[in-house]
Structure formats: structure tokens, C-alpha cells
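Data block below; observations after.
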Amino acid sequence: MSSLVIDLILCGLAYVILIFVMATMTNNSLRKGNSSEDDGDGGIEDITPPKIDLPPGVEWPSDSPKSRIPEPVDF
């Protein structure tokens, strides 16, 4: 047999063994009954957005006064 055929057979065998090992590892975790709705990240859920420290003179558009009228421009 040529070396190409031997390489293909060995690669196929390694692929079958890899799929078998992955299937048995996945099957064990599914059999344990880990079907909880928890996403697993843990901690306390904080929905408030972070307060970002901006440099002096920079304001968020939501923090600016609402009644600001643009000044007329003279040409």
C-alpha cells in the first residue's frame, strides 16, 4: 500500500476515535440531568448602566438641559 492510503486510514481511525470520545463525554453530561435554566455566569444581576467618568466639559446628551435654544448666528 502506498503511504497516502495508510495516511488516509490513520486519519479516518483518529477521526472515529475522536468522535467516539466526544460523544461519550457529551452523553455523560446530558445523562446527569443538568437541565437547569441557569446560564451559569453567577453573581448578582445588575441592570443599571455603568456611570462613566467623563473629562471636564463633556456632557452626555441626556444630562444636558432640555430648554437649550441655539444662539442665532450673525453673518
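Under the side chain to side chain contact (heavy atoms under 4.5 Å, CB included) criterion, I19 pairs with Y15, sequence neighbours left out. For S2, the side chain to side chain contact (heavy atoms under 4.5 Å, CB included) partners two or more places apart in sequence, or in a different chain, are L4, V5. Partners of V73 according to the side chain to side chain contact (heavy atoms under 4.5 Å, CB included) rule, which considers only residues two or more places apart in sequence or in another chain, are F75. Every residue two or more places apart in sequence or in another chain that forms a side chain to side chain contact (heavy atoms under 4.5 Å, CB included) with V58 is listed here: L54, P55.
Between the side chain of T24 and the backbone N or O of V21 there is at least one donor-acceptor pair closer than 3.5 Å.
With a 4.5 Å cut-off between side-chain heavy atoms of Ile, Leu, Val, Met, Phe, Trp and Tyr, the cluster of V16 takes in none.
Of the inter-residue distances, the one linking L10 atom CG with S3 atom OG reads 11.0 Å to the nearest 0.5 angstrom.
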